[in-house]
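Working notes, structure below.
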Amino acid sequence: MRWSNLLIPTLKETPQDAEIISHQLMLRAGLIRRLGSGLYTYLPLGYKALRKVEAIVREEMNRAGAQEILMPAMHPREIWDRSGRYESLKNVMFRVKDRQDREMVLGPTHEEIVTDLVSREITSYKQLPCNFYQIQTKFRDEIRPRFGLMRCKEFIMKDAYSFDVSSEAADESYKKMYDAYVRIFKRCGLHAMAVEADTGDMGGSSSHEFMIPCDAGEDAILEADDGSYAANLERAEGICDLSNEFPGADAALKKVATPNVGKIEDVAKLLKIEPRQLVKTLIYVADEKPVAVLLPGDRDVNEIKLHKLLPGAELADPEVIRQVTGADVGFAGPVGLTIPMIADRSLKGLRGGVVGGNETGVHLLNFDLERDSELRNFEDIAFPKVGDLAPNGKGRLTEKRGVEVGHVFKLGTKYTEALGANFLDEHGKSHPAVMGCYGIGVSRTLQAVIEQSNDKFGIIWPVSVAPFEVLITVLSPKDEACMRHAEEIREFLEEKGLDVLVDDREERPGFKFKDADLLGLPLRVTIGERGLAKGEIEIKERSEKDFEAVSVEEAAEKAYERILKMRELL
RNA sequence: CGGAGAGUAACUCAGUCUGGUAGAGUGCCUGCUUUGGGAGCAGGACGUCGCAGGUUCGAAUCCUGUCUCUCCGACCA
């Protein structure tokens, strides 16, 4: 392919509305253009790279035994009512009406659709296990799209759905997909890590997210420093093994005036203690009844965990808090409270703590949890903190950020029951199939590759997903010999199955080199009159600083060898 | 939805406070020169100043409304 025949609108200046490096580079290298918030056009180069990612995904899905299908992007509302997710995903789904006023939605995901299909077509255990996947555009009404392809209203996703006769068999399917994901991301040149994750609205028993660690990531990951544990912050557990005995442990409870300081930080400052010594007492309302939730002053409630114990619990209004504690917000404490109480397990054995006095402007010193309160209900309800022990007791937690590129779920029978996807076993008995679902954000993965592989000059594509493997930079396209050699090398490499881009533009060399670095194609072959006079052509890898001068005759072969070598490393 | 900011040339932005003929750099087109890391000179094209009202002799500029975009937050498989 010749550069002059492709739309590759490179930009010297960084577009203003791009915050992270991968987004900037996608715009500058002419891969994408924005239509509106969270809506992007893939230009020729971007689309070519996207399809390389798709091809890898497809190959690995097929290899794992999944069957490719394509489902509608637009669905009748009714099918979403059947699973109850029309309500729970109401804020996420785009809703449209056809001319007969029938309600339709643009699919944010396809569990219901595939399960409906399976309910009709899969009727016997002999047809199981099976796994269907598609690569398709998904629509989600993201409240805040951002970072280019990272969070869009419309994006490309590979979603696969497995159906099995039993939960043991489903575990097998899950494992297959998990392993396929490891291979997919590796082949894309990504360093992905699998972390334990919460299943959220999807439901189901367990899940793993595949994360690409990078500072621009939107998710927080906690990882044990010995690598033995990793989880999404939402899901992570930690064990706080710091001492819970503070100065004053043996002294009697004592009131102290803390006028106008209801916030943990302010109280700590006033009393000259660490926030950790304080007890944070929050009043929640669950099932219309108040509940006190207690945790160390330096920790926050993880409402996902809390909701597993108290479904639907919400922070109480100031009015309720006054009724329950007899004090303004900020002075609640466990002493004398008559409502049910739950404490985070890290509070166990607390002595010498400081708690709210249930009286405006008053705190209590020398609090001994066993001695001074009825509190015996300990649970894991807080976000862990860096430095906690991992739940396996090995290693301490560290925090990093990551981009979620894949997510695998064990769904159980939530959808198959709701949509009647039953099969008959060998005894003629009917069971709902056991389901799993597996997503990969294909467009997001593409951007993650760039986020993870670039330098100050531009993108550095891994050979597996580069829009072209080789760029032939012709410094003097007007020179007949230069172009002839370029075309010969292109033909040779294309016959080997490589994608080759020939920069045949009438531009100064420096200009073309800058563009070449920006585009970041893995191998550059440079042909100039100066080199040809010596019988030489240069080949240079994007990831390396120096070029190698090779003879005109062996240039094509050498270039091919380099690409083969790069491929071996993935 | 709450808070903050921005909409002026294809891109990056000045001009708005203090109303008076629409600006710069980059890019684009033409020509000449140049040719190994985003060249130089000369000439040229490109604008309903987001949109709609209002005030005024006169509005990019002041007022009102509205739309869009970005950032922070809330939300989110």
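These numbers come from a predicted model, not from an experiment. Proteins get letters first, then strands, A, B, ... in listed order; numbering begins at 1 in each. Note that these values count all heavy atoms, side chains included, but never hydrogens, waters or copies made by symmetry.
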Give me the distances for all protein-to-nucleotides 71-75 of chain B N/O pairs that come in under 3.5 Å?
from    : atom 1 : to        : atom 2 : distance (Å)
rC72(B) : OP2    : Arg144(A) : NH1    : 2.9
rC72(B) : OP2    : Arg144(A) : NH2    : 2.3
rC72(B) : OP2    : Arg146(A) : NH1    : 3.4
rC72(B) : O5'    : Arg144(A) : NH2    : 3.4

Please give, in whole Å, the distance from rU70(B) C1' to Leu39(A) CG? 15 Å
Give the nucleotide from the list rU70(B), rC76(B), rG36(B) with an atom nearest to the side chain of Arg151(A). rC76(B)
What is the distance from CZ of Arg508(A) to P of rC32(B), rounded to the nearest Å? 16 Å
Below the 4.0 Å mark, does rU12(B) have OP1 or OP2 next to a side-chain nitrogen or oxygen of Thr14(A)? no
Taking the P atom in each of rA22(B) and rC46(B), what is the distance between them to the nearest angstrom? 15 Å
Just the rounded figure in Å: distance from C1' of rG37(B) to CD of Glu507(A). 13 Å
Within residues 518-531 of chain A, which residues have any heavy atom lying less than 4.0 Å from an atom of RNA chain B? Leu518(A), Arg524(A), Gly528(A), Arg530(A), Gly531(A)
Take the protein atom CZ of Phe511(A) and the nucleotide atom P of rG38(B), then report the distance between them rounded to whole Å. 11 Å
Could you give the distance separating rC28(B) and rA10(B) at their P atoms, to the nearest angstrom? 15 Å
How long is the line joining CD1 of Ile32(A) and C1' of rC11(B), in whole Å? 16 Å
Nucleotide rC76(B), atom C1' - distance to CZ of Arg444(A) in whole Å: 11 Å
Would the Tyr174(A) and Phe409(A) ring centres measure less than 6.0 Å apart? no
Between rG36(B), rC76(B), rU12(B), which nucleotide gets closest to the side-chain atoms of Gln16(A)? rU12(B)
Expressed as a whole number of Å, how far does the C1' atom of rA52(B) sit from that of rU68(B)? 15 Å
Between rU8(B) and rU61(B), how far is it from one C1' atom to the other, in whole Å? 11 Å
Rounded distance (Å) that lies between atom C1' of rA9(B) and atom CD of Glu13(A): 13 Å
